[in-house]
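Below: one structure, written as structure tokens.
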Amino acid sequence: MDAERWWPPFVEVVALAWIVLFVVDVAVSVDLLVVSESLTGTIRGVLQWLLVVFLLDIAVLYRWSDQGPRRFVRSNWFLILTAVPWFRPFRLLRIGRSIRALRLLSGSRRVGSFLNKVRRKCHSLWHRLRR
């Protein structure tokens, strides 16, 4: 099924967008960032609507799985936990999937080249740190 291929990267990109908007909303709330009231309202509205995508993600994944409810919850507990807005920044722990999703959705050689350069630099720094 074609939707099974593009749905997870789409959700990962939406998660990254949600996290960025969440950080902006928190920065506005604690007066670290000053934006207009209309933009603040728009950001909060988008955050609420993106919640629908995460709930729909859980429903779609359950529909695609051949597991019962209990096995599905046990095998996807992290995904279910991060559907709750305050736990969604924990999706940053799965940043590798998000980077792959961005790379897949963009389809750009430049993005792939940049990610390879970042990967090589991190690899060389890691080896330098271990010495």
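The side-chain hydrogen bond (donor to acceptor under 3.5 Å, both in side chains) test applied to Ser65 returns no partner, not counting sequence neighbours.
Cluster annotation: Val46 and Leu39 are assigned to the same hydrophobic cluster (Ile/Leu/Val/Met/Phe/Trp/Tyr, side-chain heavy-atom contacts under 4.5 Å, transitive). Note: the hydrophobic cluster containing Val13 does not contain Val20 (ILVMFWY, side chain heavy atoms under 4.5 Å, direct or indirect links). Using a 4.5 Å cut-off between side-chain heavy atoms of Ile, Leu, Val, Met, Phe, Trp and Tyr, with links allowed through other members, Val14 and Trp64 fall into the same hydrophobic cluster.
Taken to the nearest 0.5 Å, the CG atom of Leu50 stands 12.0 Å off from the CG atom of Leu56. A distance of 9.5 Å separates CG of Leu51 from CG of Leu47, quoted to the nearest 0.5 Å.
Note: Trp18 and Phe22 have parallel aromatic rings, judged against thresholds of 30 and 60 degrees for the angle between ring planes.
Other residues sharing a hydrophobic cluster with Trp49 under the 4.5 Å side-chain heavy-atom criterion for ILVMFWY residues are Val52.
Put simply, the side chain of Phe10 does not reach to within 4.5 Å of the side chain of Asp57, judged on heavy atoms.
In this structure, Phe72 and Gln67 approach most closely via the heavy-atom pair CA-OE1, 3.1 Å. The two residues Thr40 and Val35 make their nearest non-hydrogen contact at OG1-CG2, 3.3 Å.
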